[in-house]
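Data block below; observations after.
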Amino acid sequence: MRWRRLTEMLTITAALPWETKAARAGQAIAGRGRVRLVTSGVGPTRARDAAEAAVERHEPSQVISIGVAGGLTNNLRRPSITIPISIIRQSDGARFAPDEELRKQIVRLLNQADIFWQSVTSITTEEILFTRPEKREAAETGAEIVQMEDAEWADVCRQADVPFASIRVVMDALDDDIPNEVVQWRGKPSALDIAVGAIRRPSLLPELLSLGIQRQSAIQELERAMTLIIPAMTPDLISADSA
């Protein structure tokens, strides 16, 4: 008789490299052979391609989508972790429910660590929502946050019978317009990033400074959560095999 150490491959997906980076500390603790990080690229098309490839080639045991999301209400604390209970696909109105057991497991871990989180309805759009009118139109569906990938991952995982959940950190509110300059930031904005935007449009300096602080805080909050969640969700499984 011999003992064999079994592992399950948890897949963490994000749209952008700087969002994926928030999971690297947790991956390092759990072990790289235990956790796969997938950077899909922005938008539903890239997300679906990445999801189909991940499910077909790697057969993940669980999938968690992470990243920053836009706020479609003024009532969410910012920055804060949000856990969607429903995900709407704007293009056709389809709705997807994250795996309940996986979602509950994430919630338990956040509660144990006293990390503030909020349940939300999320919507996947095909375009970035920059202005209040664009956000208000999306909010009419009942969504409280917006992102551009989760519905596709949820759909593919549902078809493959792979548990899926999403963890998104909100950095802005419904009534915040998002300057195009923010989209160019790669992760935590540097002083140079903000200065370049302010040189182009000096009137934006206060807004860019505020959004820069919110972005940095959002990334830190997401990294804190994932550093806790990933190792806790990849425990060693031991079983006995015949020699």
Side-chain angles (χ1 to χ4, degrees), residues 9-24 26-27 32 35-72 82-84 86-99 102 120-131 134-135 137-138 141 143 145-172 178-189 215 218-219 222-223 226 230:
M9 183 61 72
L10 171 66
T11 294
I12 306 294
T13 179
L16 294 166
W18 58 265
E19 292 175 311
T20 305
K21 189 177 178 181
R24 292 205 180 278
Q27 182 195 40
R32 292 182 180 276
V35 183
R36 179 173 289 107
L37 303 184
V38 175
T39 304
S40 68
V42 176
T45 300
R46 292 187 179 94
R48 191 168 193 91
D49 288 346
E52 290 176 346
V55 167
E56 180 178 352
R57 298 173 190 170
H58 307 300
E59 298 182 354
S61 58
Q62 296 173 317
V63 174
I64 300 176
S65 174
I66 67 171
V68 171
L72 297 179
T82 63
I83 311 295
S86 179
I87 301 168
I88 303 167
R89 185 162 57 197
Q90 188 182 45
S91 61
D92 62 2
R95 291 177 179 256
F96 306 94
D99 181 80
L102 179 55
V120 294
T121 295
S122 179
I123 189 167
T124 297
T125 61
E126 296 182 340
E127 303 290 341
I128 298 173
L129 307 185
F130 288 103
T131 67
E134 291 172 329
K135 289 183 176 183
E137 181 179 355
T141 65
I145 67 168
V146 56
Q147 36 65 41
M148 298 178 66
E149 296 81 28
D150 286 356
E152 300 305 328
W153 277 95
D155 191 13
V156 171
C157 287
R158 177 184 58 81
Q159 293 179 35
D161 198 26
V162 175
F164 170 85
S166 174
I167 302 173
R168 293 280 179 166
V169 60
V170 177
M171 61 165 281
D172 64 293
I178 304 299
N180 187 63
E181 285 80 359
V182 173
V183 180
Q184 311 305 317
W185 293 347
R186 296 184 178 182
K188 301 174 185 177
R215 168 74 72 84
I219 295 172
L222 183 61
E223 184 173 2
M226 298 314 298
I230 292 174

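Being a predicted model, the structure only gives us computed values, none of them experimental. One is the number of the first residue; the rest follow in order along the sequence.
- Taking all atoms of both residues into account, the shortest heavy-atom contact from Leu102 to Phe164 is CD2-C, 3.7 Å.
- The pair Glu152-Arg89 meets the salt-bridge criterion, with a side-chain N (NZ, NE, NH1 or NH2) lying under 4.0 Å from an Asp/Glu carboxylate O.
- No side-chain donor-acceptor contact under 3.5 Å links Thr11 and Gln62.
- For Asp161, there are no salt bridge (Lys or Arg N to Asp or Glu O under 4.0 Å) partners two or more places apart in sequence or in a different chain.
- For Glu52, the salt bridge (Lys or Arg N to Asp or Glu O under 4.0 Å) partners at least two apart in sequence or on another chain are Arg48.
- The salt bridge (Lys or Arg N to Asp or Glu O under 4.0 Å) search around Arg158 returns Asp155, not counting sequence neighbours.
- Thr124 places a side-chain heavy atom less than 4.5 Å from the side chain of Gln147.
- The nearest pair of heavy atoms linking Ala160 to Val55 is CB-CG1, 3.4 Å.
- When the shell of 6.0 Å around CD of Gln159 is examined, it contains more than 12 heavy atoms from other residues, nucleotides or ligands.
- Each of Val63, Ile87, Ile64 was scored for a side-chain contact (heavy atoms from CB on, under 4.5 Å) with Trp153, with one residue passing: Val63.
- Counting only heavy atoms from C-beta outward, the side chains of Glu134 and Val146 never approach each other to under 4.5 Å.
- When all heavy atoms of Ala69 and Ile145 are compared, the pair lying nearest together is CB-CD1, 4.0 Å.
- The heavy-atom pair separating Leu72 from Ala138 by the smallest distance is CD1-CB, 3.9 Å.
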